[in-house]
Amino acid sequence: MSSTNLVYFNGRDEMLRVDLAKVVYIEAAANFTEVVTVNKLKATVSMNLAAMEQFLAQQKGEMARRFVRIGKRFIVNLEYIYRINLRNQKLMLSDYDHFVFQLDISKEALKRLRELMLQMKR
């Protein structure tokens, strides 16, 4: 685990240490966010998704480029995108070995993500 990828979230009663390289996605949960890692651990952080976006950009500029906001509910790690299915409005995230997550995403958000991925490929 590289210490350059570590971020710390402080709450009132606890502190959470997260390796950003192991974060698969982040999901909005009212005024909180759920951080989901490769080993399927989920942790609740007391900030909304917009604040999480800002936090990532400020704390880990280069690493934050791996993460992209998709719609109103998710920030995903681009390294784990496996399939974008527009017809079924599903995004599959996987490491090709240990896990597969399937997220329900709007068709418009998935179209934007697909375009972003195609631009990055060039």
Side-chain angles (χ1 to χ4, degrees):
M1 170 181 343
S2 171
S3 63
T4 60
N5 295 337
L6 293 177
V7 293
Y8 296 86
F9 299 102
N10 283 311
R12 194 181 87 188
D13 298 324
E14 66 181 8
M15 183 194 75
L16 177 66
R17 184 182 78 155
V18 176
D19 181 351
L20 286 180
K22 306 241 188 259
V23 172
V24 180
Y25 70 94
I26 301 166
E27 182 175 6
N31 289 330
F32 300 93
T33 57
E34 292 272 328
V35 176
V36 181
T37 64
V38 294
N39 60 353
K40 300 182 182 178
L41 283 175
K42 285 187 175 186
T44 302
V45 177
S46 60
M47 65 175 71
N48 64 27
L49 211 55
M52 179 62 78
E53 264 186 306
Q54 285 183 322
F55 177 83
L56 289 170
Q58 291 170 356
Q59 298 298 313
K60 302 289 178 180
E62 187 63 36
M63 178 60 77
R65 292 186 188 141
R66 286 187 182 188
F67 293 91
V68 63
R69 174 96 179 242
I70 302 177
K72 296 177 181 178
R73 290 182 47 210
F74 296 101
I75 296 173
V76 299
N77 187 333
L78 295 170
E79 301 288 318
Y80 295 114
I81 291 176
Y82 170 67
R83 176 181 292 151
I84 298 171
N85 187 320
L86 293 174
R87 178 183 293 160
N88 296 325
Q89 297 181 13
K90 303 282 185 197
L91 176 65
M92 291 182 79
L93 304 167
S94 179
D95 69 346
Y96 302 95
D97 196 22
H98 298 100
F99 69 85
V100 175
F101 293 103
Q102 185 168 282
L103 307 178
D104 295 323
I105 310 283
S106 75
K107 190 176 282 190
E108 288 304 313
L110 288 175
K111 283 181 183 178
R112 287 191 297 272
L113 177 61
R114 184 174 67 176
E115 289 304 313
L116 174 68
M117 297 290 290
L118 290 172
Q119 288 174 5
M120 291 172 62
K121 192 173 110 176
R122 295 179 193 151

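All values derive from a computational prediction rather than experimental measurement. Heads up: numbering here begins at 1 and tracks the sequence.
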Peer 1: Over all heavy atoms of both residues, which pair between Asn77 and Ala21 is shortest? Give the atoms and the distance, please.
Peer 2: ND2-O, 4.1 Å
Peer 1: I need the Ile75 CD1 to Phe55 CZ distance, nearest 0.5 Å.
Peer 2: 11.5 Å
Peer 1: If every non-hydrogen atom of Val100 is compared with every non-hydrogen atom of Ser94, which pair is closest and at what distance?
Peer 2: CG2-OG, 3.7 Å
Peer 1: Only one of Phe101, Tyr25, Phe99 passes ring pair (Phe, Tyr, Trp, His ring centres under 6.0 Å) with Tyr80; say which it is.
Peer 2: Phe99
Peer 1: Could you state the interatomic distance from CG (Leu113) to CD1 (Ile105), rounded to the nearest 0.5 Å?
Peer 2: 8.5 Å
Peer 1: Do Leu86 and Met117 sit in one hydrophobic cluster, given that two such residues count as connected whenever their side-chain heavy atoms are within less than 4.5 Å of each other, even indirectly?
Peer 2: yes
Peer 1: Give the minimum heavy-atom separation between Asn10 and Met15, together with the two atoms involved.
Peer 2: OD1-CG, 3.1 Å
Peer 1: May I ask you to say whether Arg112 pairs ionically with Glu115, meaning some side-chain N is under 4.0 Å from a carboxylate O?
Peer 2: no
Peer 1: Shared ILVMFWY cluster between Val68 and Tyr82, side chains joined below 4.5 angstrom?
Peer 2: no
Peer 1: Is Val24 reachable from Leu41 through a run of hydrophobic residues whose side-chain heavy atoms are each under 4.5 Å from the next?
Peer 2: no
Peer 1: Which atoms form the tightest heavy-atom contact between Thr44 and Glu34, and what is the distance?
Peer 2: OG1-OE2, 2.7 Å
Peer 1: Atom CE in Met47, atom CD in Glu53: separation rounded to 0.5 Å?
Peer 2: 12.0 Å
Peer 1: For the CD1 atom of Ile26 and the CE atom of Met52, what is their distance to the nearest 0.5 Å?
Peer 2: 4.5 Å
Peer 1: Ser106 and Gln89: which non-hydrogen atoms are nearest, and at how many Å?
Peer 2: CA-OE1, 4.2 Å
Peer 1: Do the side chain of Arg17 and the main chain of Asp19 share a donor and acceptor less than 3.5 angstrom apart?
Peer 2: no
Peer 1: Under a 4.5 Å side-chain heavy-atom rule over Ile, Leu, Val, Met, Phe, Trp and Tyr, are Leu110 and Met120 clustered together?
Peer 2: yes
Peer 1: If you compare all heavy atoms of Lys42 against all heavy atoms of Val36, which two are closest, and at what distance to 0.1 Å?
Peer 2: CG-CG2, 3.8 Å
